[in-house]
Amino acid sequence: MKKFEEIDKTLQNQIIDICNDDPYGLNPEFLYINILHSTGSTETLSKVFEVPETLIIKIKEQGKK
């Protein structure tokens, strides 16, 4: 598993942008780790975390590297 700081900068920026729009001040590293360790379908995780399915897929791919 790659740490947040080790993932592609484009992916980091996508996560950071989502967190910047979050009214509760969600931490980007926290979001990344939670998605990475969560189980369930891409569709379900997308709804739970309120992020695009493509982001879930990209994060899950990081866990395989």
Side-chain angles (χ1 to χ4, degrees):
M1 176 190 97
K2 289 185 177 182
K3 294 181 180 179
F4 181 76
E5 299 81 23
E6 298 171 341
I7 63 174
D8 180 72
K9 293 292 181 192
T10 304
L11 181 55
Q12 281 185 25
N13 289 335
Q14 282 181 294
I15 297 169
I16 290 168
D17 287 344
I18 288 170
C19 290
N20 285 341
D21 291 338
D22 182 72
Y24 304 105
L26 185 61
N27 180 299
E29 186 174 355
F30 182 71
L31 178 61
Y32 168 73
I33 290 170
N34 280 332
I35 291 173
L36 189 60
H37 292 293
S38 294
T39 58
S41 71
T42 303
E43 182 180 352
T44 301
L45 294 177
S46 174
K47 289 178 184 177
V48 168
F49 290 104
E50 299 178 356
V51 298
E53 286 185 48
T54 54
L55 184 66
I56 301 290
I57 293 167
K58 290 177 185 177
I59 290 173
K60 291 294 190 177
E61 287 174 353
Q62 295 300 308
K64 296 177 183 175
K65 294 181 181 182

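Numbers here are sequence positions counted from 1.
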(request) Measure the shortest side-chain to side-chain distance between Asn20 and Ile16 over non-hydrogen atoms and say whether it is less than 4.5 angstrom. (result) yes
(request) Starting at CG of Asn34, measure out to CG of Leu45 and round the result to the nearest 0.5 Å. (result) 10.5 Å
(message) More than 12 heavy atoms of other residues, nucleotides or ligands under 6.0 Å from CD of Glu50: yes or no?
(response) no
(message) According to a hydrophobic-cluster definition based on side-chain heavy atoms being under 4.5 Å apart (Ile, Leu, Val, Met, Phe, Trp, Tyr only), do Ile33 and Ile57 belong together?
(response) no
(request) Output the distance between atom CD (Glu61) and atom CG (Leu36), rounded to the nearest 0.5 Å. (result) 11.5 Å
(request) Could you check if a side-chain atom of Leu31 sits within less than 4.5 angstrom of a side-chain atom of Cys19, using non-hydrogen atoms only? (result) yes
(message) Tell me whether the count of non-hydrogen atoms from other residues, nucleotides or ligands lying under 6.0 Å of NZ in Lys60 goes above 12.
(response) yes
(message) In the structure I gave you, are the side-chain heavy atoms of Ile18 and Pro52 within less than 4.5 Å of one another anywhere?
(response) yes
(message) To check you understand the geometry: which heavy-atom pair defines the closest contact between Glu29 and Phe4, and what is its length?
(response) CG-CB, 3.8 Å
(request) For side chain to side chain contact (heavy atoms under 4.5 Å, CB included), just list the numbers for Ile35 and Ile15, CA-CA rounded to whole Å, side-chain angles, deciding distance to a tenth of an Å, and then say yes or no. (result) CA-CA 11 Å; Ile35 291 173; Ile15 297 169; over 6 Å; no
(message) Is there a side-chain contact between Leu55 and Leu11 in this structure, where contact means two heavy atoms from C-beta onward sitting under 4.5 Å apart?
(response) yes
(request) State the CE-CD1 distance between Met1 and Ile7, to the nearest 0.5 angstrom. (result) 10.0 Å
(request) Not counting sequence neighbours, which residues clear ring-ring contact (aromatic ring centres under 6.0 Å, His included) with Phe49? List them please. (result) none
(request) Could you go through the side chain to side chain contact (heavy atoms under 4.5 Å, CB included) check for Gln62 and Glu6 one step at a time? (result) CA-CA 10 Å; Gln62 295 300 308; Glu6 298 171 341; over 6 Å; no
(request) Of all the heavy-atom pairs spanning Gln12 and Glu5, show the shortest one and how long it is. (result) NE2-O, 3.2 Å
(message) Once rounded to the nearest 0.5 Å, what's the spacing between atom CG of Leu26 and atom CG of Asp21?
(response) 11.5 Å
(message) To the closest 0.5 Å, what do you measure between NZ (Lys58) and CG (Asp8)?
(response) 8.5 Å
